[in-house]
Amino acid sequence: TASHIETVTQTVCGYCGVGCRLEVSTAQGKVVQITGVPTAVVNHGHLCLKGRYAHTYHHSSERLTQPIKRVGQEFQPISWQEAIELIAGELLRIKAEYGKDALGVFTSSRSTNEAAYLLQKLFRTIIGTNNIDCCARVCHSSTATALQMVTGAGAATASYLDIEKAKCIVIAGANPTEAHPVIGSRIKQAVLKGARLVVIDPRRIELAEYADIHLQLLPGTNVPLLNALAKVLIAEDLINHDYLNERVEGYEEFRAFVNHLSLDEIASITTVETNLIREAAQLIGSYGQTLFVHGLGLSELTQGTASVITLCNLGMLTGSIGGEGAGMLPLRGQNNVQGNADMGSMPNLITGYQPLNDPALRRRLERLWGGLPPEQPGLTSQEMIDAAARGEIRALWCQGEDMVQSDPNETHVRKALSNLDFMVVQDLFFCETARYAHLILPAAAALEQEGTFTNAERRIQYVRPTVPSPGEARPDWEAIRDVAVKMGANWHYQHPGEIMDEIAQVAPHYFGGVSYARLAGDGLQWPCPSPDHPGTVTVHADRFMGGKGQLVAIDYVPSPEHGVKGYPFLLITGRLLEHYNVGTMTRRTANQELVPEDVLEIHPGDADQENIADGEQVNLESRWGSIQVKVKKSRRIAPGTLFLSFHYPETHTNRITGPHLDPQSKCPQYKAVAVRLQPN
Ligand code: SF4
């Protein structure tokens, strides 16, 4: 009750990329209540059932409370001092024996900006490798690549407050009701107040019930569908000529390209009727400026980057990018996935998306870091796993990323990790990946540490500790600093605010005006280049950062999972409302009782044809593996497609996802997998 509450602290939710601000009430060192900050611009006091209720994992008896080291097949507790010495010694030994590129690191989207920044700095300066990546690779790397190519900045151009200002909203390949619930509610409210809505999704998601038009396409056919919408916009002169003349390149070539496309052919590829495609384009075109919200249903495909570019084409044609109540708003999955990429957890870019060979950056780094990273890009996460399988990567540091459960082609990932000479894992729990570790460091959770997270609308927010960590668990940045010092670095950080001050100097064009003193309240949206800059709500408002926006003509290339003989269904994998990502945290809360296992959604007609009853266990098989899972009949899914969540390690969902990558972003394909099923 209120009389027992001892402290109330404002901080930020550690779950999804919405980044809701929380008021956390505690008593006797435990969280007793969480509410939303009523004045917060992100969430207006609202929270979903994860942010509000799913916090008991903090004091789960399964939390890691001290460093543990592998001894044979067992794990034994050791002191922090021994752990730091062991990591520093092993990293230096492997570097000396096999070379600097035999080491690599995955930073964590659940960790703070400061921890991600320090870990990439350690690997770039002390080890001397660019083998650095984060989970953005397996979710929105296609989005960042596409937006960087066509606008000059690889992040959202719009902000959440554009939802209320939008007259027309397009949601493509995202299910905000479940994966970003507070944004889902804001979109619903906007529609109830008059905004028009087009949903592009293979599933009949909840927001499809609120939509004017639902384009229920075959998984993996975004490119032809979005090209078809562009064709109708141009053919019916529903485009913004002034905007295109002044701000965009490539219009004539693009017009010639879409002219040749056949709507009927596209209707047969996508399974969306020609009339519906035309109606959707007419609706979007009648409003002109539109807010385009998208998710992993666009990016996690072999044509992921192409899908996002074709969506951006619609943003250019309608003059939406840079407008109010309009623009591109990708919904990022994990709370700090945006920040991890921003901080330079990428093999080809340094903090603030700066190219490795930029002369001005290298001069700054020489002064600030006292050392320079190699100019050659390193390996992406999937390339590091492949290199580990070949014995070329010998050591990995894995910060809070359970790649065994979340990366595609699980069997291959397990084989690769078991090949390593040394792996460090920083995590809250003994996750699936930890089974392959040689040393596991107990990490502090989001509500237990100080630092910053950056949400999907580029908003850097201040994270405050609310309860103590259990046992000897510590914030990741402290452990990274101690290892670096042990390896000979002259690092003196005593507070994460000092790390943010350095970030501001390394990437002044985006973060020059960011400091802890300015982050109270709603934080700051980057770019924020100087201490008197208010932050940027709308990127590209007057001009594109890259000079001119680009319209890009892209042909449809069917995925290698389309039309595979003997595998008649296309599987989509994704998230449920009650759980977060690999479920490490939410499975240790009461949400476990709400949804105690993963579900395979199948259309009732398909289930009847396959003689499968509701709740029956089936064998689900792709060309990459097979699993046993229980089916749930659902009309949310179209005939011929299936949906499966990946929150439980026992399900092994990613045993059946395959090795295909988008050629530009190297993002894996999770959203269209050819499968067959049989009753057990
Ligand atoms: Fe907000 Fe996402 Fe946390 Fe829910 S999970 S409270 S929507 S940040």
Side-chain angles (χ1 to χ4, degrees), residues 95 99-101 103-105 107 113-114 116-134 136-137 141 144-155 249 338-380 383 454 458 460 484 487-491 493 498-515 526-533 536 539-540 542-550 664-666:
K95 178 182 171 183
K100 55 194 171 49
D101 289 325
L103 297 95
V105 62
T107 70
N113 284 323
E114 292 74 8
Y117 171 83
L118 276 198
L119 198 48
Q120 60 91 39
K121 178 178 172 180
L122 186 157
F123 271 72
R124 287 194 152 118
T125 56
I126 304 172
I127 306 287
T129 183
N130 284 315
N131 290 340
I132 296 154
D133 214 350
C134 66
R137 183 68 50 202
S141 56
T145 307
L147 282 163
Q148 182 72 38
M149 278 171 67
V150 299
T151 71
E249 281 175 348
Q338 177 71 54
N340 259 248
D342 296 351
M343 291 302 112
S345 294
M346 299 171 93
N348 59 336
L349 296 169
I350 303 257
T351 320
Y353 303 94
Q354 301 177 87
L356 290 158
N357 58 3
D358 179 81
L361 166 72
R362 294 186 79 80
R363 280 194 297 278
R364 277 199 300 282
L365 290 183
E366 220 162 2
R367 177 169 56 83
L368 294 164
W369 286 6
L372 287 174
E375 290 196 23
Q376 277 306 103
L379 302 177
T380 63
E383 289 168 342
T454 306
R458 299 167 277 100
I460 303 167
M487 293 172 84
N490 191 20
W491 291 9
Y493 311 106
E498 297 163 19
I499 305 170
M500 181 52 78
D501 292 343
E502 185 176 307
I503 293 166
Q505 292 181 66
V506 170
H509 60 305
Y510 281 168
F511 311 122
V514 179
S515 64
W526 66 259
C528 178
S530 59
D532 57 353
H533 192 286
T536 305
V539 186
H540 319 296
D542 305 317
R543 58 182 291 278
F544 281 101
M545 271 192 184
K548 285 214 160 189
Q550 306 290 323
Q664 287 153 299
S665 66
K666 307 286 169 66

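Note that the structure is predicted; figures quoted are calculated from it, not measured.
One N or O on the side chain of His509 and one on the backbone of Gly352 form a donor-acceptor pair closer than 3.5 Å. Of the possible donor and acceptor atoms, one in the side chain of Arg362 sits under 3.5 Å from a partner among the backbone N and O of Pro373. A donor-acceptor pair under 3.5 Å is formed between the side chain of Asn131 and the backbone N or O of Leu103.
In this structure, OG in Ser515 is found 10.5 Å from CD1 in Ile460, a value given to the nearest 0.5 Å. For the atom pair CG (Leu122) and OG1 (Thr107), the distance works out to 12.5 Å, reported to the nearest 0.5 Å. Taken from OH in Tyr117 to CD1 in Ile350, the straight-line distance is 9.0 Å, to the nearest 0.5 Å.
Between Leu361 and Val506 the shortest heavy-atom distance is CD1-O, 4.0 Å.
Here salt bridge (Lys or Arg N to Asp or Glu O under 4.0 Å) pairs that include residues 120-132, with residues two or more places apart or in two chains, are Lys121-Glu502.
Defined by atom type and a distance below 3.5 Å, a donor-acceptor pair is missing between the side-chain atoms of Asp342 and Tyr510. Checked by atom type, the side-chain pair Thr380/Glu383 shows a donor-acceptor distance below 3.5 Å. Under 3.5 Å, the side chains of Thr145 and Ser665 contain no donor-acceptor pair of N or O atoms.
If you run side chain to side chain contact (heavy atoms under 4.5 Å, CB included) between Cys134 and each of Leu119, Val105, Asn340, only Asn340 comes through.
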